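All of these numbers come straight from a predicted model, not from anything done at the bench. We name chains A, B, ... by the order of the sequence lines, and we start the count at 1 in each one.
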4 protein chains.
Amino acid sequence: MKERIVETSIQLFDKKGFTGTSIKEIVEELNVTKGTFYYYFKSKEELLKDIHLTYIDDLIEQQKVILEDLEKDCVAKLYSLIFMVINNIGSNRESARIFTREVRHLSGKNVEEIRAKRNLFRRQYQELIEMGIRQGEFKDTIPADMLTFGILGIINWTYYWYNPEGEVSEEELAQMFTNLILEGVKASS
Amino acid sequence: MKERIVETSIQLFDKKGFTGTSIKEIVEELNVTKGTFYYYFKSKEELLKDIHLTYIDDLIEQQKVILEDLEKDCVAKLYSLIFMVINNIGSNRESARIFTREVRHLSGKNVEEIRAKRNLFRRQYQELIEMGIRQGEFKDTIPADMLTFGILGIINWTYYWYNPEGEVSEEELAQMFTNLILEGVKASS
Amino acid sequence: MKERIVETSIQLFDKKGFTGTSIKEIVEELNVTKGTFYYYFKSKEELLKDIHLTYIDDLIEQQKVILEDLEKDCVAKLYSLIFMVINNIGSNRESARIFTREVRHLSGKNVEEIRAKRNLFRRQYQELIEMGIRQGEFKDTIPADMLTFGILGIINWTYYWYNPEGEVSEEELAQMFTNLILEGVKASS
Amino acid sequence: MKERIVETSIQLFDKKGFTGTSIKEIVEELNVTKGTFYYYFKSKEELLKDIHLTYIDDLIEQQKVILEDLEKDCVAKLYSLIFMVINNIGSNRESARIFTREVRHLSGKNVEEIRAKRNLFRRQYQELIEMGIRQGEFKDTIPADMLTFGILGIINWTYYWYNPEGEVSEEELAQMFTNLILEGVKASS
DNA sequence: AATGAATGAGTATTCATTCAT
DNA sequence: AATGAATGAATACTCATTCAT
């Protein structure tokens with residue numbers, strides 16, 4: 001039941017927003033009563049925290065596996081990280097959007113925890129860039145932190161427009177964006 | 001007064017979300033009564049539409065000026081468009097965030113109008129890319145629409161992390177991102 | 001309207017207790033809506049505080065008038081104070097009972113304010129006793145503070161049993177209790 | 001377990017009131033579940049009735065022993081009754097306060113039973129007074145019923161202020177109040 | 001141009017209680 | 001002897017909105 005509440009809530013929070021979704025709507029979708037909701041979650045915010053944690057913990061775990069892969073160089077890791085996010089869209093798009101839009105409705109202690117993990121994810125991205133620069137795979141024209149924000153922008157934005165069932169496959173898109181980041185678009189003269 | 005209501009609402013909508021902000025909060029911040037609010041706006045949604053329209057109309061207008069500049073080539077126009085957004089952050093960040101997060105709370109007729117303008121903005125971006133390809137300034141490795149989404153991702157994301165008062169100036173950041181998009185980060189071998 | 005809400009609430013709080021009375025019950029009795037209640041009081045507790053304050057402020061004011069009366073000796077003042085409370089029962093019984101039973105539902109700041117006034121009332125009673133002892137009107141067999149608690153017990157209890165419309169008039173009862181306190185009940189041998 | 005539920009409930013009912021205390025609070029304090037509560041009591045009201053009965057039955061029993069003591073005269077019995085209540089405060093204060101404040105939350109049948117016992121207690125007090133008058137130990141200036149209410153007021157009020165661990169011992173306080181009732185406070189001229 | 005009073009539907013949350021296990 | 005899951009009704013309180021003045 002707890003799982004079903006989470007799934008339903010994710011759909012609704014994505015569609016109508018956290019504050020725009022009422023407990024009543026959630027439980028009616030599941031044909032249970034409000035009491036049932038509060039048996040599993042002590043508050044609406046607690047549910048939101050759960051959703052955030054599940055999402056970011058999973059992301060960090062996947063990221064870790066890629067970064068620790070000894071057989072890949074930095075370029076290959078960059079591609080894998082980009083593909084990972086795009087590949088997650090099919091199953092995670094709603095959670096991802098909730099994650100970027102609804103953090104502000106977490107209070108105090110909760111927001112700290114989430115923010116810490118969010119920053120961890122970003123810093124590990126940045127460390128890959130820095131290592132790539134040190135090992136001569138990447139140029140050092142752009143500071144690593146700014147570069148990281150740029151790359152994160154590209155992939156985070158995919159949650160808002162990319163349709164995995166459309167003409168461009170996940171692999172193709174990941175390849176395109178990796179290519180953009182590595183080679184740029186300027187025609188060589 | 002109407003203007004003060006809009007300004008206050010923008011701050012609150014950004015901080016607590018559209019549904020998370022009540023008319024009461026808005027008018028209390030201004031030390032007026034709810035009646036005053038309804039003298040200027042016929043509903044909360046109308047206010048939200050106003051905010052959206054002001055934001056996107058301004059953006060499209062600025063975009064138009066840049067695109068119609070006969071003295072700039074496509075590379076220069078790309079830089080200008082990127083700088084334009086970053087430059088707007090100081091005065092518009094909250095509106096921009098509301099624009100990407102709260103559209104779903106506009107209903108029917110309103111949402112169509114806004115979406116049309118949002119798409120117009122994107123298509124004009126894409127047309128610049130396509131023209132650049134035709135004129136041999138950009139490679140055609142990546143489809144123009146995908147490329148556009150990538151670039152929009154980079155600049156939209158700045159609304160969520162860039163601090164115009166920080167170490168990196170707006171010009172520098174625009175230069176870095178233009179450089180990223182044009183030249184990529186791969187070290188030439 | 002505010003006054004009508006207070007009156008109705010006093011009756012209900014007395015009959016069913018503060019926590020046992022719902023806002024719904026109050027407003028239904030008055031044929032208005034909950035919104036109306038919250039237009040006049042920002043919370044249920046605020047209403048309770050209002051009731052407490054009105055009651056104790058009135059009591060202290062009346063007490064003050066009696067104690068400052070230059071023409072009465074301590075015995076006469078004692079009688080007047082006793083009569084004052086009994087005489088208030090007709091109009092104030094419910095408030096008085098709420099006052100002794102529901103203070104615990106006031107929180108923090110509110111409870112301090114009320115307790116301070118409650119103590120003021122008791123201390124002024126005690127000062128009368130002390131003055132009576134100093135001036136030789138009363139014996140000093142019993143410490144003034146204990147004596148005060150005893151007298152307050154007698155009169156506070158009347159709120160729970162005395163019927164002003166019954167056989168014993170208010171003046172008679174005040175006389176009986178003054179007599180009990182002054183002369184005692186032991187038959188002189 | 002049943003006993004532990006009763007003890008915990010008494011503390012909570014005294015502190016927060018009967019309606020202000022939830023079953024959840026009671027069982028959480030005891031680290032058991034609500035099911036456990038309903039294994040021992042068929043309703044919240046039944047628990048309240050239990051508390052009332054235990055309290056008043058014990059009081060009546062103690063009263064009976066004193067009144068039937070053939071070796072005491074009425075004055076001695078009066079002292080013993082007063083001491084009895086004060087002496088009970090240490091172990092019974094909370095029950096006593098619940099007893100005077102929460103009866104109204106008993107319904108129908110229950111309230112009758114409790115009221116009958118409460119009246120029995122008062123009438124037996126009054127009978128002692130009447131006997132004292134008949135036997136010439138007490139004056140008949142004040143009607144026995146009014147006198148009884150006065151005395152009950154003094155002792156019932158002690159539940160709200162007397163601290164058995166304070167400077168005045170239980171014996172001393174009982175002595176003071178007996179003295180007040182028998183001799184009064186007026187200085188003999 | 002703005003207020004003060006009011007509404008009715010809705011909010012998150014808590015309640016006492018039930019019952020199969 | 002006790003639990004875990006669930007209910008349905010109630011709780012205090014807030015909401016966007018209306019309207020006579």
Side-chain angles (χ1 to χ4, degrees), chain A residues 1-2 4-5 18-28 30-48 105, chain B residues 1-2 4-5 18-28 30-48 105, chain C residues 1-2 4-5 18-28 30-48 105, chain D residues 1-2 4-5 18-28 30-48 105:
Chain A
M1 174 52 50
K2 191 169 182 175
R4 292 177 62 213
I5 293 175
F18 176 70
T19 28
T21 305
S22 70
I23 306 289
K24 196 181 163 233
E25 287 173 294
I26 295 168
V27 298
E28 272 178 3
L30 292 165
N31 280 317
V32 293
T33 58
K34 281 189 242 175
T36 305
F37 178 92
Y38 282 95
Y39 180 74
Y40 292 101
F41 297 93
K42 69 184 222 291
S43 74
K44 199 184 172 189
E45 187 181 331
E46 177 118 322
L47 163 62
L48 184 62
H105 296 117
Chain B
M1 174 53 55
K2 190 170 183 174
R4 292 177 61 213
I5 293 175
F18 176 70
T19 30
T21 304
S22 70
I23 308 287
K24 198 184 163 224
E25 286 173 295
I26 296 167
V27 298
E28 271 179 3
L30 291 165
N31 280 318
V32 293
T33 58
K34 284 192 224 171
T36 306
F37 178 91
Y38 282 92
Y39 179 77
Y40 292 103
F41 297 93
K42 69 182 225 286
S43 72
K44 197 185 173 191
E45 188 181 330
E46 178 115 323
L47 164 62
L48 184 61
H105 297 118
Chain C
M1 175 52 50
K2 193 170 180 172
R4 292 178 61 214
I5 293 175
F18 176 70
T19 30
T21 304
S22 71
I23 306 289
K24 198 181 161 232
E25 286 173 296
I26 296 168
V27 298
E28 271 177 4
L30 291 165
N31 279 318
V32 292
T33 57
K34 280 186 242 171
T36 304
F37 177 91
Y38 283 95
Y39 179 76
Y40 291 102
F41 296 93
K42 69 183 221 291
S43 70
K44 198 184 172 189
E45 187 181 331
E46 178 118 322
L47 163 61
L48 184 62
H105 298 117
Chain D
M1 173 55 53
K2 189 168 183 174
R4 292 178 62 214
I5 293 175
F18 175 70
T19 31
T21 303
S22 69
I23 308 287
K24 197 183 163 226
E25 287 173 294
I26 296 168
V27 298
E28 271 178 4
L30 291 165
N31 280 319
V32 292
T33 58
K34 285 192 223 173
T36 306
F37 178 92
Y38 281 94
Y39 179 77
Y40 291 104
F41 296 93
K42 72 181 221 287
S43 74
K44 199 183 171 191
E45 188 180 330
E46 178 115 325
L47 163 62
L48 184 62
H105 297 117

Rounded off to whole Å, could you give me the CG-to-C1' distance for the A:N31 and F:dA6 pair? 14 Å
Please classify the nucleic acid contact of A:T21 as base, sugar-phosphate, or nothing, using heavy-atom distances under 4.0 Å. sugar-phosphate
How long is the line joining CG of A:L30 and C1' of F:dT7, in whole Å? 15 Å
Rounding to 0.5 Å, atoms CZ (A:F18) and OG1 (B:T19) come to a distance of 10.0 Å
Straight-line distance of C:F37 CZ to C:K44 NZ, nearest 0.5 Å: 8.5 Å
B:T33 or A:K42, whichever maps to the more 5' nucleotide of DNA chain E: B:T33
Kindly compute the distance separating CD1 (C:I23) from CG (C:L47), expressed to the nearest 0.5 Å. 7.0 Å
d(NZ, A:K34; C1', F:dA5) in whole Å: 19 Å
Name the nucleic acid region contacted by C:T36, choosing base, sugar-phosphate or nothing; use a 4.0 angstrom heavy-atom cut-off, strictly under. base
For atom CD of C:E45 and atom C1' of F:dC13, their distance in whole Å: 14 Å
Residue whose closest nucleotide on DNA chain F lies nearer the 5' end, A:M1 versus D:Y39: D:Y39
Testing F:dA12, F:dA16, E:dT18 for proximity to the side chain of C:K44, the answer is F:dA12
Residue pair B:S43/D:Y40 against DNA chain F: nearer the 5' end by closest nucleotide is D:Y40
OH of A:Y38 versus P of E:dA12: gap in Å, rounded? 6 Å
Rounding to 0.5 Å, atoms CG (D:L48) and CD (D:E46) come to a distance of 10.5 Å
For F:dG8, give the paired nucleotide (Watson-Crick: N1-N3 plus N6-O4 or O6-N4; G-U: N1-O2 and O6-N3; both under 3.5 Å), or none. E:dC15
Distance-only, no hydrogens or angles: does the B:E28 side chain make a donor-acceptor pair with backbone N or O of B:E25 under 3.5 Å? no
B:I26 has an atom CD1; how far is it from atom P of F:dC15, in whole Å? 11 Å
Let me spell it out: for each of B:F37 and D:S22, pick the nucleotide of DNA chain E with the closest heavy atom. Which residue's pick is nearer the 5' end? B:F37
Atom NZ of B:K24 and atom C1' of F:dT17: how far apart are they, to the nearest Å? 15 Å
